[in-house]
Enquirer: 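Encoded as structure tokens, here's the structure I'll be asking about.
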Protein chains: 2
Amino acid sequence: MTETTATIRDVASRAGVSVATVSRLVNNTGKVSEETAKFVRAAIRDLGFRPNAVGRSLSTSHTRSLGVVIPSLSNPVFADAVAGINAEARARGYTLMFTSTDYSPDDEVRTIGTLLDYRVDGVILTIADPMNNAALEILDSAGVPCILIYNLPSASEHPTVTVDNVAAGREVAQTLIGLGHQRLGMVSGSFAASDRAVARCDGFVDGVVGRGLPAPLILEVDFVDPNVEEALVPIYADRATAPTALFCSNDLLAISVIGVLGRMGLDVPKDVSVIGFDGIAVGTHLHPTLATVIQPSHEMGRVATQQLLDRLAGKESPITKILPHTYRPGESAGPAPS
Amino acid sequence: MTETTATIRDVASRAGVSVATVSRLVNNTGKVSEETAKFVRAAIRDLGFRPNAVGRSLSTSHTRSLGVVIPSLSNPVFADAVAGINAEARARGYTLMFTSTDYSPDDEVRTIGTLLDYRVDGVILTIADPMNNAALEILDSAGVPCILIYNLPSASEHPTVTVDNVAAGREVAQTLIGLGHQRLGMVSGSFAASDRAVARCDGFVDGVVGRGLPAPLILEVDFVDPNVEEALVPIYADRATAPTALFCSNDLLAISVIGVLGRMGLDVPKDVSVIGFDGIAVGTHLHPTLATVIQPSHEMGRVATQQLLDRLAGKESPITKILPHTYRPGESAGPAPS
DNA sequence: ACTATGAATGTAACCGGTTACATCACGAAT
DNA sequence: ATTCGTGATGTAACCGGTTACATTCATAGT
């Protein structure tokens with residue numbers, strides 16, 4: 001059972017041909033007569049030969065593998081993107097080398113280094129901040145093509161697949177204002193760890209002050225261990241001045257916030273409205289259902305992979321794609337209390 | 001910037017030594033005088049040399065990479081396990097090749113084939129059914145060590161890291177009966193795609209009939225596109241005979257069920273109690289909070305990886321580990337309606 | 001003084017593929 | 001008859017590491 005796996009030379013000798021012929025048949029490169037082909041196929045079948053990808057990679061200097069680097073799998077939004085990446089990569093015969101960084105820039109460069117050692121053909125990644133990012137520099141100087149997802153388009157010239165976070169933030173502000181809210185707030189994951197959180201916030205603030213309302217209250221919490229309770233309790237000690245609506249930089253945060261508000265005796269949406277961001281599936285099953293901005297995560301992963309793979313196939317280089325986001329109304333956002 | 005990456009021979013010639021010496025220094029194998037070491041280190045630094053993992057793998061015939069095969073990333077339970085695997089693997093210098101199979105046995109064997117082509121040193125996987133599984137057979141005949149997670153221990157002799165699903169199912173039954181419920185039901189993901197769903201159901205049924213109650217109603221839904229609505233509506237057309245408590249084979253399903261019940265005008269837990277399985281984080285933030293059985297997913301991933309890596313390091317072979325599960329009470333499970 | 005021992009290093013084969021180039025046979029064109 | 005093109009195949013170098021084995025040299029033992 002545990003026979004040593006057959007090599008191309010085994011196949012060649014069993015079929016009475018040279019390794020070149022076997023290789024040509026296996027890869028459809030160069031001609032081989034139908035007559036010989038039959039022998040070779042038989043030998044391949046008999047020996048259960050499957051070409052060793054390591055040997056092949058060494059000689060071709062490409063691996064048909066892609067690196068995937070994302071902050072965390074705990075957030076379904078990234079899990080969905082990885083699912084999209086996986087689907088597209090598989091369909092085109094590529095394999096994924098995966099790592100998550102827990103939002104740590106140190107881990108970003110460490111992991112990129114490893115991926116480069118393994119000679120991945122390209123990398124799909126979401127990083128803390130694409131401006132002056134060490135990981136991207138390493139990638140560039142190694143000449144390995146890459147594409148960002150979720151990250152903002154930036155002067156760094158690296159293509160990205162994302163949504164218009166600023167516009168979305170602004171729309172959330174307008175939606176909330178349209179519902180009569182005047183005192184607004186934002187609960188965001190750490191700005192240092194997320195350029196998109198910054199953009200969503202920027203858009204939100206712009207939307208709020210653009211309508212002549214006072215700037216929203218901004219609460220920043222940690223990504224890995226967000227202590228929402230600690231942030232919210234002091235604010236809602238005085239309900240008369242506290243925000244009647246909160247925009248959260250992602251759905252997971254929004255769900256936490258709703259839970260905490262409930263435990264503080266505040267009703268969502270009667271007392272406070274909450275809008276999230278991401279559109280994770282579970283949001284539609286909650287009670288109240290979660291109002292949120294949907295980003296097409298699976299599609300984003302797919303499109304990014306597609307572009308990267310096209311590039312590797314010698315076609316056009318990846319370009320930044322801004323995919324459409326949509327506001328999904330939900331019970332968590334209602335009219336301002338009177 | 002885009003200099004071709006330096007090879008060990010470049011380093012050797014720049015340092016005026018042989019490749020063997022460089023290799024010995026890099027890998028701490030064999031002696032090299034401090035004097036020479038200095039030159040070599042300098043050359044490595046100057047050239048930015050990093051050993052090519054592909055070349056190394058070819059000659060050592062191991063890759064320091066692990067294959068990870070799971071049904072889906074959409075379920076946070078698997079995402080958590082992968083996070084645990086990632087953490088442990090990284091800590092020990094291993095890289096992950098990742099694929100998801102969407103619960104398809106065909107995909108299982110396809111993806112295992114690819115992983116084997118890349119010569120992963122070991123595989124961590126969750127499959128539909130470990131009995132007579134084609135993927136496991138391939139792995140065995142290739143002599144690649146593997147360890148299951150979530151799957152049940154079985155006659156197949158493959159070690160697995162999981163919880164006692166039968167006992168957990170029985171406990172759920174007892175909990176519900178203790179709350180006064182008499183008409184019980186189970187909503188489960190496809191049995192064909194999940195041996196653990198079968199076990200949870202077995203335990204549940206056993207717990208119910210063991211107490212002299214009529215066998216629970218069993219509803220089976222698809223994993224990838226579970227149409228809970230369609231399953232539940234006919235059952236609750238007659239509320240007098242419908243179950244007053246439902247055990248769901250996973251939390252995602254439970255959340256759906258709660259949503260659907262709510263939309264049918266039924267209150268959870270006043271009219272119907274619901275208990276899930278998995279203990280995904282979001283459950284604690286829901287309203288009502290989700291009663292569930294917690295499995296230590298992150299830990300399961302970690303332990304499995306640890307065992308596999310120990311085995312690869314020449315230590316003991318992996319053995320089946322049954323990790324403790326815990327019942328987490330939640331608002332979704334309450335006393336039976338009178 | 002002579003050999004045994006061991007440290008430091010180098011040479012070259014090997015891992016499993018790919019592929020440039022050479023070779024050979026055969027029929028067509030001149 | 002000679003030349004040429006083309007199809008089919010083989011030879012061997014190469015990708016970038018590792019490592020068994022050989023070699024050299026200095027030192028310790030007798």
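As a basis for the values below, the full set of heavy atoms in this structure was taken, side chains included, without hydrogen atoms, waters or symmetry mates. Since this is a predicted model, take the numbers as computed values, not measurements. Protein chains get the first letters and strands the later ones, always in sequence-line order, with residue 1 at the start of each.
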Enquirer: So what does B:V19 touch, heavy atoms closer than 4.0 Å: a base, only the sugar-phosphate, or nothing?
Expert: base
Enquirer: Closest-nucleotide mapping onto DNA chain D: is A:V17 or A:R9 further toward the 5' terminus? I mean the 5' end.
Expert: A:V17
Enquirer: Where the side chain of A:T60 is defined as all heavy atoms beyond and including C-beta, which of C:dG10, C:dT18, D:dG16 is the nearest nucleotide?
Expert: C:dT18
Enquirer: How close do B:L323 and B:V161 get, heavy atom to heavy atom, and via which atoms?
Expert: CD2-CG1, 3.9 Å
Enquirer: Checking only heavy atoms, does the side chain of A:R119 share a donor-acceptor pair with the base of D:dG16 at less than 3.5 Å?
Expert: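 No such pair is found, so the answer is no.
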Enquirer: Checking side chain to side chain donor-acceptor pair (under 3.5 Å) for the pair A:S104/A:T101: CA distance, chi angles, key distance, verdict?
Expert: CA-CA 6 Å; A:S104 144; A:T101 63; over 6 Å; no
Enquirer: Taking any heavy-atom pair under 4.0 Å as a contact, classify B:S61: base, sugar-phosphate, or nothing.
Expert: nothing
Enquirer: Please report, rounded to the nearest Å, how far the P atom of C:dT19 is from the CG atom of A:N27.
Expert: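 Nearest whole value for this atom pair: 7 Å.
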Enquirer: Expressed in angstrom and rounded to an integer, what is the separation of B:R24 atom CZ from C:dT11 atom C1'?
Expert: 11 Å
Enquirer: CD1 of A:I44 versus P of C:dG17: gap in Å, rounded?
Expert: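 About 11 Å, once rounded to whole Å.
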Enquirer: Do B:I149 and B:T160 have side chains that get closer than 4.5 Å, going by heavy atoms?
Expert: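 Result no, sub-4.5 Å side-chain heavy-atom pair not found.
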Enquirer: Based on the rotation axes of five pairs at each end, what angle does the helix from C:dA1-D:dT30 to C:dT30-D:dA1 bend through, to 10°?
Expert: 60°
Enquirer: For the pair made of CG in A:N52 and C1' in C:dG16, what is the distance, rounded to whole Å?
Expert: 6 Å
Enquirer: Closest approach to the side chain of A:L58, judged atom by atom: which nucleotide of D:dT18, D:dG16, D:dT9 is it?
Expert: D:dG16
Enquirer: Can you tell me the distance, in whole Å, between the CD1 atom of B:I8 and the P atom of C:dT11?
Expert: 14 Å
Enquirer: Do B:Q306 and B:R302 have side-chain atoms, one donor and one acceptor, less than 3.5 Å apart?
Expert: yes
Enquirer: Could you give the CZ-to-P distance, from A:R50 to C:dG17, as a whole number of Å?
Expert: 12 Å
Enquirer: Please check if the side chain of A:D129 supplies one atom and the backbone of A:D195 the other of a donor-acceptor pair under 3.5 Å.
Expert: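 Not a single qualifying donor-acceptor pair exists.
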Enquirer: Has the side chain of B:R41 got a donor or acceptor atom that lies under 3.5 Å from a matching backbone atom of B:T36?
Expert: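 Pair absent, no side-chain N/O of B:R41 close to backbone of B:T36.
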Enquirer: Would you kindly give the CG-to-P distance between B:N28 and C:dA8, to the nearest whole Å?
Expert: 14 Å
Enquirer: Is a side-chain N or O of B:T63 found less than 3.5 angstrom from the main chain of B:S57, in a donor-acceptor match?
Expert: no
Enquirer: In whole angstrom, give the distance that lies between atom CG of B:D117 and atom P of C:dG17.
Expert: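 Atom CG in B:D117 sits about 10 Å away from atom P in C:dG17.
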